[in-house]
Amino acid sequence: MATQEIEKAPHAVRRRVVLFPLPFQGHLSPMLQLAELLRARGLAVTVLHTDFNAPDPARHPELAFVSIHEALPHEATSPDADIVAQLLALNSGCEAPFREALASLLLLREDVACVVVDGQWYAALGAAGALGVPVLALRTDSAATFGSLLAFPRLRDAGYVPIKEEERRDDELVPELEPLRVRDLIRIDGSDVDALRGFIARVADAVRASASGVLLNSFDAIEAPELARIEKELSCPAFAVGPLHRMCPGPAPAEHGLHVPDRRCLAWLDAHPPRSVLYVSLGSVARVDRGVFEEMAWGLAGSGVPFLWVVRPGSVRGGGADELPNGLDEGFRSRGKVVAWAPQLEVLAHEAVGAFWTHCGWNSTLEGVCAGVPMLAQPCFADQTVNARYVTHRWGVGLEVGDVIDRARVAARVRMVMAGEEGDRARERARQLKLQADQCVAASFALDNLVQYVLSL
Ligand SMILES: O=c1ccn([C@@H]2O[C@H](COP(=O)(O)OP(=O)(O)O[C@H]3O[C@H](CO)[C@@H](O)[C@H](O)[C@H]3O)[C@@H](O)[C@H]2O)c(=O)[nH]1
């Protein structure tokens with residue numbers, strides 16, 4: 001292992017935590033937020049990471065970074081890869097390099113108290129366990145999603161999954177996971193059902209077999225029953241350490257270098273009245289077909305609402321890629337701003353933003369809840385359908401865009417969330433939920449409890 005560890009101070013007596021994030025924005029951000037929070041509580045932190053989508057050490061001068069120098073197959077790194085195949089390839093490609101890097105680190109340092117790996121790294125969970133070091137799993141999705149993965153064998157036996165199209169009982173509620181319906185359970189269109197089932201089983205089995213603890217980026221104000229259910233399912237302790245981005249001190253912790261935010265949009269927002277702008281972003285992974293993209297553009301045009309729209313390069317599939325459709329009128333262009341990447345936390349905190357059209361990735365969902373902004377939910381894949389159901393039906397802080405994205409529906413839903421009766425109700429609920437989240441953050445001892453636990457390992 002090349003040990004380009006960045007040591008800033010001698011840590012002779014401090015205990016060390018080694019973190020291993022999954023190399024995607026939605027996973028790196030919460031893991032690095034956790035890293036900063038542990039450091040602020042007196043622990044030394046080393047981040048083991050892949051060369052693929054490596055985090056930027058310059059943004060975290062007090063953390064140590066060590067690359068595992070993996071060599072990955074094309075399907076593990078390609079933006080066109082099927083997501084399940086990508087996760088399987090990442091796990092198998094990183095298992096040996098991770099084990100070697102961790103073994104070298106353990107030889108080099110005697111202060112390692114435990115390892116925290118992303119909950120999707122089932123292979124790393126097993127590898128760390130086999131090296132005899134306590135290992136904890138950080139789930140970067142919701143407690144509801146993680147609970148549904150743990151319940152997977154029971155759901156399969158009851159016939160709710162596997163989820164082949166012809167077998168789906170879409171609108172049926174899943175009793176033990178209410179308010180989730182069958183259609184809300186984790187799904188990845190186009191992925192092989194057996195591969196998805198195998199992945200979920202490996203993730204759940206690895207946690208059960210190897211984890212000394214599970215960390216959840218969630219909190220009681222939004223998921224108390226779901227968190228309690230997980231505690232019952234697991235034989236190791238669970239810590240609800242979220243919402244990590246709010247627990248974290250310092251500015252805009254979600255930005256860590258994979259994308260460069262276009263900060264000019266903040267000045268653009270400054271020129272708008274309070275609650276007048278719709279913020280549109282589908283996160284860092286989701287891709288939409290060209291047809292859907294065009295309907296979104298025409299729908300925004302027809303709504304008459306000012307908007308800030310993140311169109312990530314490569315996020316549109318099909319001819320014309322992410323070029324705006326021809327013929328959009330001047331009104332659209334003068335009313336809207338399109339950026340490749342936004343400083344999302346600052347955008348959501350801006351008083352000009354009246355609502356958030358989101359794919360309901362868990363980070364965006366938490367960020368929307370904590371900003372007190374009503375949401376328009378357009379889940380694309382995986383856990384996003386679970387999160388969208390909570391946004392619209394459990395917490396009542398958002399509206400669905402709907403299964404079919406067409407311009408007339410988009411325009412109507414945008415107007416509704418910005419200024420309609422349903423939107424007003426969601427805005428009031430969002431305001432109340434934000435207050436509850438603030439209270440929960442102020443009163444949370446979960447991170448202190450976690451540190452005590454780590455020191456006891
Ligand atoms: O212009 C942008 C767009 C996004 N973000 C940030 O990027 C993150 C995106 O994370 P998330 O909302 O969770 O979406 P994904 O990037 O899609 O995250 C992946 O990881 C999540 C956590 O496991 C899952 O919930 C998602 O389904 C999965 O796609 C958030 O922190 C955003 O603030 C920006 O800063 N600027």
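Note that ligands are numbered from 1 as they come in the structure, with each ligand's atoms numbered from 1 the same way. Fair warning: this is a prediction, and the values are worked out from it, not measured in the lab.
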Please tell me whether [X] and [Y] have a donor and an acceptor in their side chains that are separated by less than 3.5 angstrom.
X	Y	answer
Ser67	Asp51	yes
Gln344	Glu367	yes
Gln33	Ser29	no
Glu223	Tyr390	no
Thr145	Ser148	no

Candidate with minimal heavy-atom separation from atom 20 (O) of ligand 1, of His27, Gln33, Gln384: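 Looking at heavy atoms only, His27 sits closest to atom 20 (O) of ligand 1.
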From the candidates Leu308, Thr140, Val285, Leu282, the one that places a heavy atom nearest atom 23 (O) of ligand 1: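 Of the listed residues, Thr140 has the closest heavy atom.
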Taking 4.0 Å as the limit for heavy-atom contacts, which would you say applies to [X] with ligand 1: side chain only, backbone only, both, or neither?
X	result
Ser281	side chain
Asn363	both
Glu367	side chain

Ring geometry between Tyr122 and Phe199 (parallel below 30°, tilted from 30 to 60°, perpendicular above 60°):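 Plane angle over 60°, so perpendicular.
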Aromatic plane relationship, Trp309 with Phe332 - under 30° parallel, 30 to 60° tilted, over 60° perpendicular: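 Plane angle over 60°, so perpendicular.
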Summary of salt bridge (Lys or Arg N to Asp or Glu O under 4.0 Å) pairs that have at least one residue in residues 268-288, sequence neighbours excluded: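 Checked against salt bridge (Lys or Arg N to Asp or Glu O under 4.0 Å) - neighbours excluded - the pairs reaching residues 268-288 are Asp80-Arg287.
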Touching ligand 1 at all, [X]? Heavy atoms, strictly under 4.0 Å?
X	result
Pro261	no
Leu345	no
Phe24	no

Result of checking Leu447, Leu34, Asn217, Val241 against Met247 for side chain to side chain contact (heavy atoms under 4.5 Å, CB included):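 Looking at Leu447, Leu34, Asn217, Val241, the match for Met247 under the side chain to side chain contact (heavy atoms under 4.5 Å, CB included) is Leu447.
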Contacting atoms of ligand 1, where contact means under 4.0 angstrom from a heavy atom of [X]:
X	value
Phe381	29 (O)
Gly361	11 (P), 12 (O), 13 (O), 14 (O), 25 (O), 26 (C)
Gly26	10 (O), 18 (O), 20 (O), 22 (C)
Ala342	1 (O), 2 (C), 34 (C), 35 (O), 36 (N)
Ser284	15 (P), 16 (O), 17 (O)
Asp383	24 (C), 25 (O), 26 (C), 27 (O)

Ring centers of Phe239, Tyr453 separated by less than 6.0 Å: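 Distance test on ring centres: under 6.0 Å, yes.
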Please report whether ligand 1 has a polar contact with [X], defined as an N or O pair separated by less than 3.5 Å (distance criterion only).
X	result
Gln344	yes
His359	yes
Ser364	yes

Counterpart residues, side chain to side chain contact (heavy atoms under 4.5 Å, CB included), relative to Ala76 (two or more places apart):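 Per chain and number, Ala76 pairs via side chain to side chain contact (heavy atoms under 4.5 Å, CB included) with Leu72, Pro73, Ala89, Leu90.
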